[in-house]
Amino acid sequence: MRRKIFDTVVIGGGHAGIEAAFILAKAGFTVALVTLKKDFIGRMSCNPSIGGVGKGHLVREIDALGGIMAKVADKTGIQFRILNSSKGSAVQGLRCQSDRIKYSQVILSELEKFDNLEIIEGEAISVEADNKVKGVFLEDGTFLKTEYAIIATGTFLRGKLFTGFNVKEGGRLGEAPSVNLSLSLEKLGVTLTRFKTGTPARIRRDSINYDLLEKQSGDEKPEPFSLFSKPFPLLPQTCCYITYTNSKTKEVVMKYLDKSPLFQGLIKGIGPRYCPSLEDKIVKFPHHERHQVFLEPDGLDSDIVYPNGISTSLPEEAQDRFIKTIKGLKEAKIEHYGYAVEYDYLQPTFLNYDLSLKGIEGLYFTGQVIGTTGYEEAAGLGIYAAYNIIKKLKRKGSFRLKRSESYLGVMVDDLVFKGVLEPYRLFTSRAEYRMLLDRHTAYRRLSKYAEEENLLSEEEVEFRKKLEKEFQEILEKLKKTKVRGGSAYNAIKKNSSQAEEIIKSFSVENSFVINYLISEIKNEGYRKRFEEEARKLENYLNVKIPRDFDYKNIPGLSREIVERLSVIRPETLLGAYRIPGTTPAALSLLRMEIEKRRRK
């Protein structure tokens, strides 16, 4: 048996594992990143894009915390767009189409720069642990000794692929599942459940009639994800196309429902509500005459197009037929067929707030394996787990982000305290304080944490401080400069259509600073109100609940609430408040009982 020693072992080379390994290596610790195929690290299993509404904010936060996703998205992006551009900045979403192959290549090259990070091709088959992690066994007999292991396996735990009644074992197309690791986790007492997700067929670019389609170009002046991306953009920019399903598409899908693994009960796992399969949409929304399809290029040099919006697990014959009914796709040639994937996941309420498993010290779970969906959610959770392990390795306590401080804090809070009934997707609407979480403020909110752990370079720290100084100086000038009807500051607040023009008159060219100022000024009143509301709530809800608190002996609590509180064991009243079913009256009972106990 070969034996190697690492500070942390990360299992899985998807977006969660990448961020975790990157941050830990950046912090100077030894890391083993275990993945089945080195060349598939950072592979985009589904649509070749990064960001979106809510997700784009999260990518900015990852960048502010020293992560890698934003920079790589900027280096490999082939179209950038602001979604909801006509609405306020709090609900806008930065999104880019990426070159799928280049994205993986750049990620791999960035990881390979670390001497303290070893990428190991192989299968992790078991975690060795009692009440603490001792190491990870690989299929070839190698033992990776460590006190910290991160499970970031995406859809690979006992993964099964469904195309009609054709069922194969796999984590995704062409890749084997991880069965032994599931069995190992169950032996440690870990309870695993099933979710499912899906992907559409891929179509050859030269078989599409683009003349019949609606063209969708990117923004004329694209905005980068990372504050530090210069020059930008690096790659030539391209466009996407829009088409729609129709009544004929619906007829074909309905005809093949008796061969659908989803509707015939073969698939037991619950899928994402916000990204349903085409057959799901047609059955659940029969009044809709059509459904939108985005044709997204896989890359500049790729012959493949991703038809976003028609994910399916119908048999190949059905896919051949319904795709050809769609405008512009009559002669479409399928490169490979769509499928659903069903996989094991861990209900996140079994985790502590730092994403470690309750009962086993040093065992962390992150990404899709704890019930999320999306590259960005996975990456955010990977970085969150890594920060907490850094704190442990340095014996500095734990890392936490508040709901009023970040979308990452919102997501972790939602997952750990509420759990999931379906794959979790981050939206701006999930944040009650979203006016405090503008994408332009991510660095002001979060970069201090990266700087504390030396996770930003000196150049990045100086550049950020320079921008912050410039921002403050211009803000003061705007307040002091008089224009018709008052100060330039108030003019921007009253008339946002002239905001950019007013700011540029102060010789400001940096688009990030311009957007930053507009957001700061326009949302000032909302921000102050939300900050005060957040402070009040935190003062009340940050009361600590003792670890040995006996909920059964509190009169007035329902049996349901007692059971949930006893299982989840929230650390504060805020945690109790987030648990579904917890009423204000129940919170008052808890608070009074805690105060009574303290007086004894």
### Query
If we only count heavy atoms from C-beta on, is the Thr199 to Asn47 side-chain gap below 4.5 Å?
no
### Query
Would you say Tyr339 and Gln319 make side-chain contact, with heavy atoms under 4.5 Å?
no
### Query
If you measure only the distance, is there a donor-acceptor pair under 3.5 Å linking the side chains of Ser49 and Arg95?
yes
### Query
Aromatic rings Tyr443 and Phe228: how do their planes relate, parallel, tilted or perpendicular, breaks at 30° and 60°?
perpendicular
### Heavy-atom side-chain proximity of Lys102 to Leu235 below 4.5 angstrom
yes
### Query
So, do Ile107 and Ser104 sit near enough that their side-chain heavy atoms are less than 4.5 Å apart?
no
### Shortest non-hydrogen contact from Leu456 toward Ala450
CG-CB, 3.7 Å
### Query
For Leu227, does the CG atom sit with more than 12 other heavy atoms under 6.0 Å from it, leaving out its own atoms?
yes
### Message
Angle between ring planes, His288 versus Phe285, binned at 30° and 60°: parallel, tilted or perpendicular?
### Response
parallel
### Query
Can you tell me if Ser313 and Glu279 form a side-chain donor-acceptor pair at under 3.5 Å?
yes
### Query
Is the shortest heavy-atom distance from the side chain of Lys71 to the side chain of Phe225 under 4.5 Å?
no
### Check: Phe29 ring centre within less than 6.0 Å of Phe6 ring centre
no
### Query
Does the side chain of Thr249 pick up a donor-acceptor pair with the side chain of Thr325 at under 3.5 Å?
yes
### Query
Do you see a donor-acceptor pair shorter than 3.5 Å between the side chains of Ser45 and Arg172?
yes
### Query
Which heavy atom in Tyr407 sits nearest to a heavy atom in Phe427, and how many Å separate them?
CE2-O, 4.0 Å
### Query
Quick one: do the Glu317 and Tyr256 side chains pair a donor with an acceptor below 3.5 Å?
yes
### Query
Looking just at side-chain N and O atoms, do Thr76 and Asp99 make a donor-acceptor pair shorter than 3.5 Å?
no
### Message
What I want to check is whether the side chains of Gln92 and Asn84 have a donor and an acceptor closer together than 3.5 Å.
### Response
no
### Test item: Met69 and Ile50 side chains (from C-beta on) under 4.5 Å apart, heavy atoms
yes
### Task
Quickly, which of Arg202, Arg204, Lys333, Arg205 forms a salt bridge (charged side-chain N to carboxylate O under 4.0 Å, His left out) with Asp303? Name it, please.
Arg204
#### Entry: Close side-chain approach of Phe40 to Glu175, heavy-atom, < 4.5 Å
yes
### Modelled atom types, side-chain donor and acceptor of Asp63 and Ser226, under 3.5 Å
yes
### Query
Between Phe195, Phe156, Phe365, which is the residue that forms a ring pair (Phe, Tyr, Trp, His ring centres under 6.0 Å) with Tyr345?
Phe195
### Query
Can you find a heavy atom in the side chain of Lys160 that is under 4.5 Å from one in the side chain of Arg194?
yes
### Query
Judged by modelled atom types alone, do Asp320 and Tyr337 share a side-chain donor-acceptor pair under 3.5 Å?
yes
